[in-house]
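Notes to accompany the following structure.
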Amino acid sequence: MGQRAEDLYHDVLSDEIDLDDSFELDLGLASRLEFDNAACARGPASGSGFSSERMLSSAPVSSRNAKRVESISDDAMAPNPVLYQEPSPGNVKNKLRHMWNQMRYGWTVNVKTSFDGSDPIWLLGRIYQFIASSGRTPRTEEMDQRHIQQFELDFQSRLWFTYRKDFSKIGGTSLTSDCGWGCMIRSGQMMLAQGLVMHFLGREWLHTDPSAREQEAFHEEIIRWFGDSPGAAFGVHKLVRLGQNAGKKVGEWYGPASIAYILSKALQDSQMMIPLLQNICIYVAQDCTIYEQDVIDLCQGSSADPRRSGGSHWCSVLVLVPVRLGSEALNPVYIDCLKWLFSLESCIGIIGGKPKHSLYFIGFQGEKLIYLDPHYCQDVVDLRRDFPTDSFHCKFPRKLTFSKMDPSCTIGFYLKTRSDFQQFCRLVPEKLIPPRQRIAYPIITVHSGRRRDAVQFFTQQEANHRLSHHHHHHYSSFSGREHSRSKPAEFDDYVFI
């Protein structure tokens, strides 16, 4: 508790202190931090997303990353004054939590992020190619600038959900913000939102013309479904409540697999209240395996639901596949497979990030992933009336090297028709096996049947094998001979892919 305020300030911006560490501060230090934060409120950072040197601004980012860039504008770091308020009355812990969140997540940091002109940019199935530097002319420069603008517009059209504050109390607690613990929920919201945008508006949709009334109406309605209020279909209140039903505590961090199941349940619960959602469903793969017949059953429905029964009907599906691509770190043999996934127009991204630091990956260039970052605290928006949508779209791409990606993640796909699904099942298995590997551990496998049939089959096989081994061992012991057996391949111990 004798740490100086400026030391703490540096550690906060470099993400060196965990959220709970802030509770160890004494009141004197807390007062100084509060004063420093208020005194620095000079207004939001300015500047456009792209410069003439084909550099992109990025926000927010820690000072650790800031040290790795060559230039930062004069107003590169400035807290958003709207985000600073006096702590609400309450106990000391709540006041310190409020101040901590203001310092850690209430900053806009504009840092130049370069996009190498020698490598194409892939963004959710779309490619933005640059002209080779050896043949540059004024015309090719103009073409590159146009490609940059197209990429910028595509990126800025993706829905961006971040930490929010001052919403109604959540989950029977006094929490009115998800700062510090809701990043995986926000990443899951972004992936689901991308799937819904593709379902209702198509991959070609860009947020360019708010006067296009029908498209803008869908755009705003999708945002409303993710509002920070108890009644929103996919809002943080609803997702936390579903997490509580599954044993999660409010404020507890979620993993990429658990949020996939929660999103599936949230969509299922919302279909009776929101007719627009009755023609889309979520399938969550287990054990990195997609069971074709399970997906068909889900998309065609059952006789108990007349709207989704019969062989001719098909319900569009979001396929979410939780995977782990290594033990402690991402296994580099899977990098090419991940790059191929981002070249698919059916891909709706990957939720993962770094340990306890969720990100939503939507593309790559070279050896770096492009992502949307939920770690930015904004005021809650009242979605019950007309509202501005600017805070739900990010202007600043961020990048992360593949090697820093956490191996635990969930990959998402949107498949509109049965034909799309069948083509996906034919194409994916062969493309997701790492090249030049002695033993093939694909990221995703596809099984033609149902999961319950496969489980029953292998369970029976294992029981038969154990019974056979018992009789064999009994005969061997009686005859005075001991025999060893080798473990069948299908029952090998689990290996991290």
Side-chain angles (χ1 to χ4, degrees), residues 47-59 110 112-131 140-162 186-187 189-212 214-216 218-220 222-223 226 318 338-351 359-366 368-374 376 389-400 411-414 416:
S48 61
F50 286 75
S51 66
S52 57
E53 294 82 16
R54 297 210 308 271
M55 306 290 278
L56 298 172
S57 297
S58 177
N110 288 344
K112 300 292 185 180
T113 301
S114 64
F115 281 78
D116 187 356
S118 62
D119 291 320
I121 300 175
W122 283 96
L123 190 74
L124 297 178
R126 298 294 172 92
I127 185 172
Y128 298 92
Q129 184 75 55
F130 298 102
I131 307 299
T140 58
E141 290 280 359
E142 181 181 351
M143 292 176 62
D144 278 359
Q145 188 63 31
R146 187 162 60 249
H147 291 158
I148 290 172
Q149 293 171 353
Q150 291 171 346
F151 164 71
E152 176 185 22
L153 181 57
D154 194 358
F155 176 86
Q156 293 177 2
S157 296
R158 301 314 108 208
L159 285 176
W160 181 43
F161 297 113
T162 71
R186 300 301 185 177
S187 295
Q189 287 179 323
M190 287 188 271
M191 174 181 279
L192 177 56
Q194 176 60 22
L196 295 176
V197 166
M198 290 186 66
H199 182 67
F200 292 109
L201 298 172
R203 177 61 184 91
E204 66 280 0
W205 175 80
L206 297 173
H207 188 220
T208 55
D209 185 9
S211 64
E214 184 176 356
Q215 289 191 337
E216 186 60 20
F218 268 114
H219 171 227
E220 293 179 358
I222 291 172
I223 292 175
F226 293 88
L318 299 176
L338 294 177
K339 290 181 177 180
W340 180 80
L341 285 175
F342 285 117
S343 71
L344 296 177
E345 192 159 304
S346 61
C347 180
I348 57 173
I350 300 174
I351 53 176
L359 304 169
Y360 173 45
F361 300 112
I362 57 176
F364 75 95
Q365 185 188 38
K368 293 187 177 182
L369 291 151
I370 300 171
Y371 64 88
L372 285 164
D373 190 349
Y376 179 52
T389 62
D390 294 351
S391 68
F392 297 98
H393 294 276
C394 181
K395 295 182 179 180
F396 311 113
R398 298 282 305 279
K399 296 201 295 185
L400 179 78
I411 306 169
F413 306 92
Y414 170 74
K416 188 176 185 65

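Start at 1 with the first residue, then count along the sequence.
- Counting only distance, with no hydrogens or angles, the side chain of Thr162 and the backbone of Tyr376 share a donor-acceptor pair below 3.5 Å.
- Take Ser343 and apply the side-chain contact (heavy atoms from CB on, under 4.5 Å) test, not counting sequence neighbours, and it matches Trp122, Trp340.
- The two residues Val197 and Leu159 make their nearest non-hydrogen contact at CG2-CD1, 4.1 Å.
- In this structure, CD1 on Ile350 lies 9.5 Å from CG on Leu124, to the nearest 0.5 angstrom.
- Taking 4.5 Å as the limit, some side-chain heavy atom of Ile148 sits within range of a side-chain heavy atom of Gln145.
- For the ring pair (Phe, Tyr, Trp, His ring centres under 6.0 Å) test, residues two or more places apart in sequence or in another chain that qualify with Phe200 are Phe218, Trp225.
- Going from atom CD of Gln194 over to atom CG of Leu201 covers 10.0 Å, rounded to the nearest 0.5 Å.
- For Phe226, the ring pair (Phe, Tyr, Trp, His ring centres under 6.0 Å) criterion is met by Phe161, Phe234, not counting sequence neighbours.
- Residues meeting the side-chain contact (heavy atoms from CB on, under 4.5 Å) test with Gln150, sequence neighbours left out: Tyr128, Arg146, His147.
- Contact check for Arg158 versus Tyr360: no side-chain heavy atoms found under the 4.5 Å cut-off.
- The CG atom of Leu192 sits 9.5 Å away from the CD1 atom of Ile222 when rounded to the nearest 0.5 Å.
- Rounded to the nearest 0.5 Å, atoms CD1 (Ile121) and CD (Gln365) are 4.5 Å apart.
- In this structure, Glu216 and His207 have side chains that are in contact, with non-hydrogen atoms separated by less than 4.5 Å.
- In plain terms, the two heavy atoms of Met190 and Pro374 that are nearest each other are CE-CB, 4.1 Å.
- Under the rule for a ring pair (Phe, Tyr, Trp, His ring centres under 6.0 Å), the partners of His199 that lie at least two apart in sequence or sit in another chain are Tyr414.
- The two atoms that bring Phe364 and Lys339 nearest to each other are CE2-O, 3.4 Å, heavy atoms only.
- Side-chain contact between Ile362 and Phe155 is present, with at least one heavy-atom pair separated by less than 4.5 Å.
- Atoms CD and CG, from Gln129 and Asp119 in turn, are 8.5 Å apart once rounded to the nearest 0.5 Å.
- Closest of all the heavy-atom pairs between Ile370 and Pro397 is CG2-CB, 4.3 Å.
- Residues Phe361 and Leu341 fail the side-chain proximity criterion, which asks for heavy atoms closer than 4.5 Å.
- You'll find the side chain of Lys399 stays beyond 4.5 Å of the side chain of Leu369, heavy atoms only.
- Between the CD atom in Gln156 and the CG atom in Asp390 there is a gap of 10.0 Å [rounded to 0.5 Å].
- Judged as a salt bridge (Lys or Arg N to Asp or Glu O under 4.0 Å), the pairs with a partner in residues 194-203 (not counting sequence neighbours) are, in order, Asp154-Arg203.
- Using a 4.0 Å cut-off between a side-chain N of Lys or Arg and a carboxylate O of Asp or Glu, Glu152 and Lys395 do not qualify as a salt bridge.
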